Amino acid sequence: MQKFNYKLNFIFSFLFLLFTTSNLLAQNADKQNWQHLDYARDSVMGVSADKAYAEILKGKKSTPVIVAVLDGGVETDHEDLKTVIYVNAKEKLNGKDDDGNGYIDDVNGWNFLGKGDKDINYETLELVRQIRKLKQKFAVTLMDSAQMANNAEYQKLLAMEKDYQQQYDETKQTLEGISRFKQLLEAVEAKIGKDALTLNGFKSFEPSNPGEEHIKKVVIGVLEDSGMDYATFKATQVDNGYEHYYEKLNYNLNMDYMPRKELGIDDATRFYGNNHVEGPDAMHGTHVAGIIAANRKNKLGMMGIADNVKIIGVRTVPNGDERDNDVANAIRYAVDRGAKIINMSFGKSYSDDKKIVDDAVKYAVSKDVLLIHAAGNDNNNLDQQSNFPNKRYEDGGTASSWLEVGASGPNNDESLKASFSNYGKTTVDVFAPGVQIYSTIPDSKYRALNGTSMASPVVSGIAALIRSYYPSLSATQVKQIIMDSSVKVNHPVTVMVDEKPTQINFSDLSISGGVANAYEALKMADTIAKSKASK
């Protein structure tokens with residue numbers, strides 16, 4: 001799971017470029033709900049959800065739809081989510097498997113990352129696990145140099161080790177850079193004084209050396225362009241940046257870290273884990289859940305896209321790469337709990353057991369479930385780069401009810417494609433708002449985050465609206481409606497290709513060539529449902 005879009009190696013250019021470009025909203029966008037807005041009315045490339053409620057859904061009845069959030073955890077008692085959390089009426093918190101489904105006390109969902117009263121927070125990357133696995137294999141396999149040169153698996157191991165070393169070196173270098181930046185920043189803070197840490201305070205500060213001059217320039221640039229206050233900048237950008245790289249170096253890239261072994265999790269069957277739906281870090285999953293279905297009527301915080309949804313949390317993704325077995329079991333669990341939509345805002349570059357995930361996806365497809373997946377945040381062309389899980393089956397064919405979602409921004413100009421978003425003319429299905437999306441976070445708070453992780457639940461919310469108001473439509477029909485009704489964009493956008501800005505027509509970034517739109521999708525769904533009913 002990619003929690004942040006930290007891509008640059010040098011901390012100063014990293015801060016200045018990242019926080020003054022890709023993290024900013026258009027000035028005319030409503031910071032807290034821009035994804036709901038309409039381009040014709042608001043000049044913002046939202047999904048026209050407000051327009052859909054006012055012109056299509058007003059006065060219409062709907063049926064509740066269960067949406068599974070496969071993620072790092074969901075805060076079930078959040079003020080804006082507690083009314084939309086799924087409750088298994090057949091299960092009680094009594095230490096027994098009341099409904100006989102194999103999962104004890106799964107009242108609000110399940111956690112495949114725990115055992116007893118303990119939970120996994122951090123995990124390694126799949127790359128690390130694959131290297132360990134292959135090294136163990138070749139440690140007991142005797143081969144001469146010629147055999148090694150001709151052995152595909154051994155060559156794969158060498159390529160993985162090269163990838164690992166590059167990631168390790170870049171992560172270590174960046175962490176050291178952020179540490180130096182933090183030290184300089186804290187020295188400047190001391191000179192300015194606690195009560196003067198504001199934009200004006202930094203403007204009035206007189207640097208005594210080049211390092212302090214650079215700190216002043218970066219902070220002023222970020223605060224002026226973003227509109228955030230200093231405390232928010234320090235906490236969400238600098239401190240979170242340090243935390244991200246610290247965790248990546250010490251956990252994600254740690255060859256000796258094996259939390260599953262330490263916890264003694266036996267995942268040989270489908271029945272492992274616990275009912276800790278929230279888990280130790282529910283930031284990401286809570287944000288995703290709010291985008292889909294935060295209460296639209298309580299006048300708190302923000303509004304989700306869909307208004308008649310029950311969110312079932314299935315904890316699947318640690319702070320690190322998810323395991324294929326967990327993903328497969330989470331999909332099956334969600335389907336068996338009655339989910340009609342599964343949101344998957346996670347991904348990785350390597351897969352250990354794609355077949356087990358494919359089989360679970362096939363099961364979901366057979367049960368008329370729509371799977372919606374975030375395309376990823378590496379600015380990669382997925383027609384050329386691998387990203388897992390995906391809709392292409394290992395044994396051939398594709399999942400008919402799978403939607404791959406890229407992230408777009410609020411402006412209908414060359415910046416429409418979010419700078420971090422993956423894309424692919426034959427692999428990504430549609431784009432949706434994913435820049436500075438304001439939503440729920442733990443402790444009944446709210447924050448704006450970036451990512452295809454945010455774009456995917458926007459589409460899940462649209463899908464939930466369609467399935468709620470037009471329940472006769474199948475998962476594959478809903479998928480096609482979302483793609484066909486997307487707002488087509490034919491102008492070029494700027495995409496970084498080989499570290500150079502390149503102009504590519506937005507229509508060539510996905511199969512549909514457009515941005516998902518709730519109003520147009522519901523209008524099309526209404527027509528198709530009426531036609532279906534008349535036959």
Side-chain angles (χ1 to χ4, degrees), residues 61-114 117 119 270-280 282 284-298 300-317 329-345 364 367-370 372 439-444 457 460-461 463-465 467-469 471:
K61 294 182 179 181
S62 62
T63 57
V65 171
I66 297 175
V67 179
V69 174
L70 273 57
D71 216 291
V74 175
E75 183 176 78
T76 58
D77 60 352
H78 191 289
E79 64 177 13
D80 228 356
L81 292 175
K82 58 187 178 182
T83 61
V84 301
I85 296 297
Y86 163 89
V87 176
N88 180 1
K90 296 180 179 180
E91 193 78 12
K92 297 179 181 179
L93 292 174
N94 56 10
K96 301 177 181 179
D97 183 15
D98 298 293
D99 62 1
N101 71 342
Y103 301 97
I104 297 172
D105 292 348
D106 62 327
V107 174
N108 301 127
W110 194 249
N111 170 31
F112 285 98
L113 302 174
D117 61 350
D119 302 303
R270 288 180 54 194
F271 305 105
Y272 58 92
N274 59 37
N275 70 338
H276 298 175
V277 173
E278 185 171 340
H284 194 272
T286 302
H287 200 271
V288 166
I291 294 170
I292 298 169
N295 193 311
R296 293 183 59 86
K297 299 176 181 178
N298 62 2
L300 294 173
M302 50 85 65
M303 295 187 295
I305 298 287
D307 66 344
N308 197 357
V309 163
K310 292 299 179 184
I311 294 289
I312 181 168
V314 189
R315 189 163 180 266
T316 317
V317 188
N329 288 329
I331 291 172
R332 290 181 181 275
Y333 175 84
V335 173
D336 291 342
R337 287 291 87 202
K340 301 309 291 183
I341 297 163
I342 297 177
N343 187 88
M344 298 181 289
S345 290
K367 298 295 184 179
D368 191 37
V369 176
L370 181 61
I372 300 177
S439 185
T440 48
I441 62 171
D443 299 323
S444 288
S460 290
L465 275 179
R467 304 212 79 172
S468 179
Y469 283 88

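Worth knowing before you read on, the calculation uses all heavy atoms, side chains too, and leaves out hydrogens, waters and symmetry mates. None of the values given here were measured: they were computed from a predicted structure.
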Donor-acceptor pair, side chain of H78 and main chain of D443, under 3.5 angstrom: no
No-hydrogen, no-angle side-chain donor-acceptor test under 3.5 Å, N274 and D117: no
D307-Y469 side chain donor-acceptor pair, cut-off 3.5 Å: yes
Residues I305, L465; criterion side chain to side chain contact (heavy atoms under 4.5 Å, CB included); working and verdict: CA-CA 8 Å; I305 298 287; L465 275 179; 4.0 Å; yes
Pair D368-R467, salt bridge (Lys or Arg N to Asp or Glu O under 4.0 Å): steps then yes or no: CA-CA 11 Å; D368 191 37; R467 304 212 79 172; 2.7 Å; yes
Short side-chain to backbone donor-acceptor contact, E278 and T76, under 3.5 Å: no
Gap separating the NE2 atom of H287 from the OG atom of S345, nearest 0.5 angstrom: 11.0 Å
D105 side-chain N/O to N94 backbone N/O, donor-acceptor pair under 3.5 Å: yes
Criterion side chain to side chain contact (heavy atoms under 4.5 Å, CB included) on I372 and I341, from CA distance to verdict: CA-CA 7 Å; I372 300 177; I341 297 163; 4.0 Å; yes
Heavy-atom pair with the smallest gap, counting every atom of A68 and A339: CB-CB, 3.9 Å
Residue pair I312 / G109: nearest heavy atoms and the distance that separates them: CG1-CA, 3.8 Å
Listed once per pair and sorted, the ring-ring contact (aromatic ring centres under 6.0 Å, His included) pairs that draw on residues 79-102, sequence neighbours left out: none
Reported OG1-to-CG distance for the pair T440 and L81, which is rounded to 0.5 angstrom: 4.0 Å
With D99 via salt bridge (Lys or Arg N to Asp or Glu O under 4.0 Å) - residues at least two apart: R337
Donor-acceptor contact present, side-chain R296 to main-chain M303, <3.5 Å: no
T286 (side chain) donor-acceptor with E75 (main chain) under 3.5 angstrom: yes
Short side-chain to backbone donor-acceptor contact, S468 and T63, under 3.5 Å: yes
E91 side-chain N/O to I104 backbone N/O, donor-acceptor pair under 3.5 Å: no
Full working for salt bridge (Lys or Arg N to Asp or Glu O under 4.0 Å) between D336 and R270: CA-CA 12 Å; D336 291 342; R270 288 180 54 194; 3.4 Å; yes
Candidate pair N329 and I331, rule side chain to side chain contact (heavy atoms under 4.5 Å, CB included), full reasoning: CA-CA 5 Å; N329 288 329; I331 291 172; over 6 Å; no
For A334 against L70, the heavy-atom pair lying closest together: CB-CD1, 4.3 Å
Test item: L113 and V317 side chains (from C-beta on) under 4.5 Å apart, heavy atoms: no
Over all atoms of both residues, closest heavy-atom pair of H276 and R315: O-CD, 3.9 Å
Member of D119, D106, T316 meeting the side chain to side chain donor-acceptor pair (under 3.5 Å) criterion with N111: D119
Side-chain heavy atoms of L370 within contact of I342, under 4.5 Å: no
Flag side-chain contact, heavy atom, 4.5 Å: N275 against L93: yes
Stepwise side chain to side chain donor-acceptor pair (under 3.5 Å) check, D80 with N298: CA-CA 8 Å; D80 228 356; N298 62 2; 2.8 Å; yes
Shortest non-hydrogen separation from G285 to V74 and the atoms involved: O-CG2, 3.8 Å
Distance, nearest 0.5 Å, that separates CG of N108 from NZ of K310: 10.5 Å
Sidechain-backbone polar pair: S62 side chain, N308 backbone, donor-acceptor under 3.5 Å: no
Chi angles and distances behind the side chain to side chain contact (heavy atoms under 4.5 Å, CB included) call for N295, L300: CA-CA 8 Å; N295 193 311; L300 294 173; over 6 Å; no
Atom pair CG (N88) and CG (D98), whose distance is rounded to the nearest 0.5 Å: 8.5 Å
Minimum heavy-atom distance between V67 and A464, given as atom pair plus value: CG2-CB, 4.1 Å
W110 and Y333 aromatic ring geometry - parallel, tilted or perpendicular at 30°/60° bounds: tilted
